[in-house]
S.K.: 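Have a look at the structure that comes next, please.
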Amino acid sequence: MLREYGVYMKKWEFIYQKLAISFITILIAIGGLFSYFYYNESSFKVSHYSQSNKRLPSSFNEGHRYPDDEFLSKVQPLLAKRCVACHSCYEAPCLMHFTSYEGIQRGLTKHDSLEVLKTVPRNRTKDAATYLGTNNSPRWDQPEWAKRDFFPIFQLGSNNLLNLDNSIFAMALQHGKENAPGFSLQPSLYPPAHVCAKDSEELKSIYQKYPQSGMPYALPGLEESEYQVLNEWMQKGAPGPSSDTKKVWDEPTSPKTILKFENFFNQTSPKASLTARYIYEHAIMAHIHFSGTPNDEFYELVRASNSSGVVKELVTEKGNDPTPAPFVYRLHRIHDVIVRKTHALWELNEGSLVEWTKLFLDPTWDDEANIQAHYDSLDSYDRQDPMKYFSPIPSKSRFTFMVRNAEMLVGEIVRSPSCSGKIATYAIKDHFWVFFLTAEGNEKYQKTKKMSLSFIDKVKDKIKDKVFSNKLSEKASVAINEKDIDSKMSLSLFRHDKNVTVHKGLWGGDPQSFWVMDYDNYEDLYYNLVINYKPWGNVMHRVLTWEHMVKNRKVAESRFVDLFLSGDKDCTNCATWVWDRWENSSFNRNSNEEMMISTTLKKVQNKILSVMDDTANNQADTLNDFSNRTTDYPKTILEKWEQQMLELTHKENIALLKNLPDLIYVKLIDENGEDRIYSLILNKTYTTNNDITRGTIDQNLIFLPEKNTLIMIKGLIGNHPNLFVTLKIDNAFDFVDKLKMIRSNQDWMALRDQFATHRNTADFWKTYDNFLNWQYRNDPLNAGVIDLNYYQMFE
């Protein structure tokens with residue numbers, strides 16, 4: 001992805017950059033040499049106060065299942081809580097992963113390019129022996145990974161035991177002890193970027209210059225007991241799961257359920273095969289959980305070379321690329337540590353098979369007898385075009401499947417194994433609601449406006465500079481209406497600078513914009529953000545990705561304007577005005593017009609709330625829906641605190657909001673010792689979301705801090721918190737009072753020093769564990785390791 005420069009660009013440099021990118025973009029578009037792809041970012045479903053499905057907070061994947069296995073019961077949970085927080089994404093420092101034993105075996109690299117990972121599955125970091133074609137590789141000598149310049153983090157000594165004095169990992173942990181409570185966070189004491197060493201000699205030279213850059217990086221060192229666990233493990237040769245564990249490693253809790261699903265996917269008729277491929281391509285990043293199985297038992301649907309025994313996955317660069325050999329679909333047990341930002345949960349049961357059968361296999365397809373002939377008629381490019389490839393499947397069936405599973409699918413769209421994605425997330429607003437047409441409404445819409453996903457059509461659009469209009473055609477407007485909006489499915493999306501969160505239901509109060517999606521728009525987003533996106537793609541690949549993302553946003557926003565605002569008798573020009581405001585946030589009309597826009601949007605929003613499913617997990621967002629509150633609110637002391645906090649939300653021109661970070665987790669402990677978690681979300685506003693040069697080089701060029709607003713939601717939202725705040729009820733009101741008094745950055749820093757947990761404080765890891773464990777107690781299916789890549793770094 002484009003790197004964040006964070007420096008002020010001189011006027012001539014800014015103009016040069018803008019012209020250069022525009023010129024190259026036009027050349028590539030005309031040449032038709034590249035496809036459009038979408039970028040997707042790490043996000044996660046909101047965790048709420050569910051008291052069901054509790055499990056022990058220390059349960060990381062298989063650890064509690066195998067108490068006699070040292071790696072799974074002691075080592076992996078510790079690595080998950082202290083290392084995975086930073087070492088789990090594609091761009092993890094030195095590409096070092098601790099989410100699995102195979103990632104530990106792989107080691108690290110000094111390469112900046114992600115090209116070395118292009119044939120590794122997105123959600124897992126497997127060993128070279130499995131994925132790069134070798135077999136029975138020595139444990140610390142992965143020849144295929146070595147060819148890609150990966151170096152081991154352990155050094156073998158005599159008697160095949162580890163030489164800790166020359167092992168990178170042991171040395172990094174030892175130097176981490178330098179970070180005693182109160183250690184300095186001055187940037188000059190740390191390397192300007194992560195420096196990766198291929199061996200202990202290089203690492204020694206780094207630590208001589210930067211003694212505080214041990215691991216965990218710029219965080220407190222491990223406790224002595226934790227260090228001892230890892231030290232003893234390394235002294236034994238750093239073994240992985242035991243042979244006894246591996247014998248039952250992939251055994252499912254419900255083997256009959258797994259077999260039924262695999263049999264469904266591997267039916268041999270052309271109709272069933274096409275259905276299986278369609279579902280597979282839409283579940284390629286999903287973590288599948290089957291009802292009735294343990295909360296930490298997840299699977300992924302893969303293409304494999306064998307139909308029984310240990311799954312032998314056939315890995316391709318993209319999920320819809322041809323496999324090198326005939327394949328069958330298998331459900332592969334996920335053993336990696338679950339990370340929030342990549343955890344796209346898909347809950348299934350045997351009723352799902354009944355639903356899929358009714359949706360795909362029971363209906364009669366057009367020209368059903370010639371499905372194989374349809375395959376044979378396609379050339380190689382057409383096989384990458386879902387509109388052509390899956391055209392025999394009724395579009396109503398495809399769209400119904402996508403809408404019913406929107407939380408998972410949009411979750412796949414916005415989740416990514418990448419760490420950061422400003423170039424992508426800058427294309428959308430900080431907070432918006434998404435709606436979908438009904439299957440019937442979509443059928444009507446398809447008859448009035450067709451949009452092909454073929455590459456040639458995209459190039460034609462580019463050459464003609466065809467931009468979707470503010471309003472759809474009159475024919476489309478007549479064909480569909482507000483009743484054609486699906487009332488059973490709605491989503492809320494929140495942008496946190498470089499990553500995005502998706503959440504089922506209407507959350508967060510007044511959104512910055514609204515989307516309405518039909519099948520074409522939805523499918524286009526999915527294939528370009530999930531299937532065809534390449535994290536290792538070049539700069540132009542990402543520029544084109546961003547441009548096409550902006551185009552899709554305009555399509556969805558335009559459809560909302562057309563359906564809900566055109567023809568409004570009370571506000572004849574509201575549709576145009578609203579579009580202008582979305583296109584350019586600094587757009588200002590006179591007060592009467594602006595008030596009319598706000599009034600009309602509020603009226604539309606209330607109408608939507610009256611018919612849509614505005615809840616998630618059977619809980620309404622009471623903090624951001626004042627209309628549903630009773631007259632005697634607040635009642636309890638917690639509700640009084642919430643009420644005072646809410647006085648700061650959904651308001652512009654508050655000095656506080658010019659200083660807050662993007663995402664703060666707040667833990668409030670009441671008088672009975674019970675705790676509640678809240679997420680404070682900063683919604684930023686920009687003059688435009690359509691200028692890639694200004695947005696990615698320096699967002700301050702288009703930043704409008706006076707228009708920022710704050711949202712507070714119960715539970716955990718987002719994946720990359722910037723700050724942890726822990727309050728007891730006796731100081732919680734003091735926290736609110738001082739928030740209200742903030743007038744400058746100095747005021748904010750003083751409040752932060754009093755209430756927040758800094759990276760260099762003695763209780764940092766205790767605080768982190770409290771937030772981490774809360775989600776395992778309250779929402780175990782959605783729980784995962786919280787990322788720390790953006791936690792209060794060098795301010």
S.K.: Does Y665 have its ring centroid less than 6.0 Å away from the ring centroid of Y768?
M.R.: no

S.K.: For D662 and K684, run side-chain contact (heavy atoms from CB on, under 4.5 Å): C-alpha distance rounded to whole Å, both residues' side-chain angles, the deciding distance at 0.1 Å, then the answer.
M.R.: CA-CA 8 Å; D662 291 279; K684 294 179 180 177; 3.2 Å; yes

S.K.: So, do R759 and Y791 sit near enough that their side-chain heavy atoms are less than 4.5 Å apart?
M.R.: yes

S.K.: More than 12 heavy atoms of other residues, nucleotides or ligands under 6.0 Å from CD of E223: yes or no?
M.R.: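 Counting neighbours around CD of E223, 12 or fewer heavy atoms of other residues, nucleotides or ligands fall under 6.0 Å, so no.
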
S.K.: Answer whether the closest heavy-atom distance between the side chains of H720 and R340 falls below 4.5 Å.
M.R.: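 Side chain of H720 against side chain of R340, heavy atoms only: no contact under 4.5 Å found.
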
S.K.: Which heavy atom of G784 sits nearest to which heavy atom of L772, and what is that distance?
M.R.: O-CD1, 3.6 Å

S.K.: Hey, can you tell me if F724 and F764 have their rings parallel, tilted or perpendicular (30° and 60° cut-offs)?
M.R.: tilted

S.K.: Could you tell me which non-hydrogen atom of Q512 sits nearest to which non-hydrogen atom of D430, and how far apart they are?
M.R.: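 Looking at all heavy atoms of both residues, the closest pair is OE1-N, 3.0 Å.
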
S.K.: For residues E412 and A344, report the shortest heavy-atom separation together with the two atoms involved.
M.R.: CG-CB, 4.1 Å

S.K.: Within the structure provided, determine whether N683 and I681 are in side-chain contact (heavy-atom separation under 4.5 Å).
M.R.: yes

S.K.: If you compare all heavy atoms of N179 against all heavy atoms of G214, which two are closest, and at what distance to 0.1 Å?
M.R.: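 Nearest heavy atoms, N179 then G214: ND2-O, 4.4 Å.
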
S.K.: Could you tell me how the ring of H496 sits relative to the ring of F494: parallel (under 30°), tilted (30 to 60°) or perpendicular (over 60°)?
M.R.: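 Because their plane-to-plane angle is under 30°, the rings of H496 and F494 count as parallel.
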
S.K.: For T649 and T709: C-alpha separation, side-chain torsions, deciding distance, then whether side-chain contact (heavy atoms from CB on, under 4.5 Å) applies.
M.R.: CA-CA 6 Å; T649 63; T709 58; over 6 Å; no

S.K.: So which heavy atom on V502 is nearest to which on E407, and how close?
M.R.: CG1-O, 4.3 Å

S.K.: Can you list the steps and then say if H503 with L491 is a side-chain contact (heavy atoms from CB on, under 4.5 Å)?
M.R.: CA-CA 6 Å; H503 179 41; L491 300 174; over 6 Å; no

S.K.: Determine whether L727 and F755 satisfy the following criterion, side-chain contact (heavy atoms from CB on, under 4.5 Å), listing intermediate values before the conclusion.
M.R.: CA-CA 7 Å; L727 304 172; F755 294 101; 3.6 Å; yes

S.K.: Consider only side-chain N and O atoms of H97 and H87, and report whether a donor and an acceptor are under 3.5 Å apart.
M.R.: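 No pair is found: no donor N or O on one side chain lies under 3.5 Å from an acceptor on the other.
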
S.K.: Flag the pair D747 / M741 as yes when at least one side-chain heavy-atom distance between them is below 4.5 Å, and no otherwise.
M.R.: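 No; the side chains remain at least 4.5 Å from each other.
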
S.K.: Would you call the rings of F298 and H343 parallel, tilted or perpendicular, where under 30° means parallel and over 60° means perpendicular?
M.R.: perpendicular

S.K.: According to the interplanar angle, ranging from 0 to 90°, do the rings of F71 and W233 count as parallel (below 30°), tilted (30 to 60°) or perpendicular (above 60°)?
M.R.: tilted

S.K.: Taking the six-membered ring of Y227 (Phe, Tyr or Trp), confirm whether the NZ or CZ of K177 is under 6.0 Å from its centre and within 45° of its axis.
M.R.: yes

